[in-house]
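Residue numbers start from 1 in every chain, and the chains themselves are labelled A, B, ... in the order their sequence lines are given, proteins ahead of strands.
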There are 2 protein chains.
Amino acid sequence: MDVVTEAEDRLDRAFMALADPVRRAIVARLSRGPATVNDLAEPFAITKQAVSKHIQVLEQAGLVSRSKDAQRRPAHLVPEALEQLTAWIDTYRLTTESSFRRLDAVLAGLDTDVTTHNTERK
Amino acid sequence: MDVVTEAEDRLDRAFMALADPVRRAIVARLSRGPATVNDLAEPFAITKQAVSKHIQVLEQAGLVSRSKDAQRRPAHLVPEALEQLTAWIDTYRLTTESSFRRLDAVLAGLDTDVTTHNTERK
DNA sequence: TCTATATTCAATCAAAAGGTTGATAAAGGA
DNA sequence: TCCTTTATCAACCTTTTGATTGAATATAGA
C-alpha cells in the first residue's frame with residue numbers, strides 16, 4: 001500500500017470514528033481529561049462492552065491512545081490526529097472562494113477556465 | 001427537538017457524510033468547481049445511481065447544494081458547512097493542551113484538579 | 001488465596017449503509 | 001414528435017455497524 005492510500009485510510013478511519021454521536025461525545029469528554037471505560041460508559045444507556053468497542057475504534061483511528069494504571073486503561077486524546085483532520089478540511093475549504101469565482105464564470109458563459117479542468121474527464 | 005440536539009444532528013450527518021472515501025473524493029472534486037452526477041461518477045467504478053445517492057447524503061448534511069441547468073443539476077460545496085466542522089474539532093483540539101497538564105497532575109498523584117470535574121459523575 | 005473491580009473476547013442479532021438493476025421523469029435537440 | 005441525455009425512484013441484496021449477553025482475563029486488596 002502506497003503512502004497516499006495509507007494517508008487516505010487514516011482519514012477514513014478518523015472521519016468514520018467521529019461519525020458516531022457516542023464517539024463524538026467520548027472525544028468531547030476526553031478533551032477535559034483522561035477517562036476510563038467506566039467513566040465514559042456512565043453518561044450513556046449502553047453497556048461497558050459497547051463503550052470499550054467505541055474506544056477501540058477511536059484508538060485504531062489514531063484519535064485516542066491509552067495508558068496503563070493497574071487494571072484501568074485510561075484513554076486520552078491524541079491532539080495531532082485532530083489537527084490532521086482540520087488540515088484536510090481546510091485544504092478544500094480554502095479553495096472554495098476561488099472555485100465560486102469559477103462557477104460565476106461558467107454561469108456567465110465564460111467556461112474556458114473550467115474546461116482546463118474538464119479535459120481530464122472523458 | 002431542541003436547538004442543541006439539532007446542532008448535534010447536523011454534526012452527525014456532516015461527519016457521517018465525510019466518513020466515506022467516495023464522498024470525500026467528491027468534496028475534493030467540488031472544491032475545484034461545480035460538477036454534475038455524470039462528471040462525478042466517471043472516476044469511480046460505481047453506477048451513477050450510487051453517485052446520486054452520495055450527493056444526496058452530502059446535500060442532507062448541508063455540505064453540498066445544487067443548482068439547476070436544464071436537465072443537469074450541478075453540485076457545489078457549501079463552504080460554511082466545512083467551517084462549522086473545523087469549528088467543532090477546534091473546540092476540543094484547543095483544550096487538549098490544558099487537559100494534558102491535568103493528566104500530568106493525576107499521574108503525579110495531585111488529583112484535586114480532576115476531582116472538581118469528576119463530581120458531576122456518579 | 002479468595003474476592004471485587006475493570007476490561008476485553010466471543011457469539012449473536014437487528015438495523016443501516018453502499019451497491020446493483022430496472023423503470024420512470026424531465027428537459028433539449030433533431 | 002421522437003430520441004437522447006441527465007438524473008432519480010424503487011426494489012433488492014450483501015456487508016458492516018452498533019449493541020447485547022455471557023464467559024474470560026488481569027490486577028489490587030482483604
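Looking at residues two or more places apart in sequence or on another chain, you find a salt bridge (Lys or Arg N to Asp or Glu O under 4.0 Å) between Arg72(A) and Asp69(A). A search for salt bridge (Lys or Arg N to Asp or Glu O under 4.0 Å) contacts involving Arg23(A) returns nothing, not counting sequence neighbours. Remark: Lys48(B) engages Asn38(B) in a side-chain hydrogen bond (donor to acceptor under 3.5 Å, both in side chains) (not counting sequence neighbours). Scanning for side-chain contact (heavy atoms from CB on, under 4.5 Å) contacts around Thr47(A) gives Gln49(A), Ala50(A), with sequence neighbours left out.
Note on residues 76-87 of chain B: pairs passing salt bridge (Lys or Arg N to Asp or Glu O under 4.0 Å), not counting sequence neighbours, are Arg93(A)-Glu83(B). Every pair passing ring-ring contact (aromatic ring centres under 6.0 Å, His included) that includes a residue from residues 12-44 of chain B is listed here, sequence neighbours excluded: Phe15(B)-Trp88(B). Annotation: salt bridge (Lys or Arg N to Asp or Glu O under 4.0 Å) contacts involving residues 51-64 of chain B, sequence neighbours excluded, are absent.
Counting non-hydrogen atoms under 4.0 angstrom, Ala75(A) reaches nothing in the nucleic acid. Nucleic acid contact for Ala17(B): none, since no nucleic acid atom lies under 4.0 Å from a heavy atom of the residue.
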Below 3.5 Å between N/O atoms, which protein atoms pair up with nucleotides 1-6 of chain D? Just atom names and distances, please.
residue : atom : partner  : partner atom : Å
dT5(D)  : O2   : Gln71(B) : NE2          : 3.3

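Nucleotides of DNA chain C lying under 4.0 Å from heavy atoms of chain A occupy a range whose first and last members, 5' to 3', are dT5(C) to dA11(C).
Under the 4.5 Å side-chain criterion, counting only non-hydrogen atoms from C-beta, Arg24(B) is in contact with Leu11(A).
Mapping Gln49(A) and Ile55(B) onto DNA chain D via the closest heavy atom, the residue that lands nearer the 5' end is Ile55(B).
Within the structure, a side-chain polar atom (N or O) of Gln56(B) is placed less than 4.0 Å from OP1 or OP2 of dC9(D). Put simply, Lys68(A) has a side-chain N or O that comes within less than 4.0 Å of OP1 or OP2 on dT27(D).
Taking atom CD1 on Ile46(A) and atom P on dT21(D), their separation rounds to 12 Å, with Å as the unit.
Which of dA28(D), dA11(D), dT20(D) sits closest to the side chain of Lys53(B) comes down to dA11(D).
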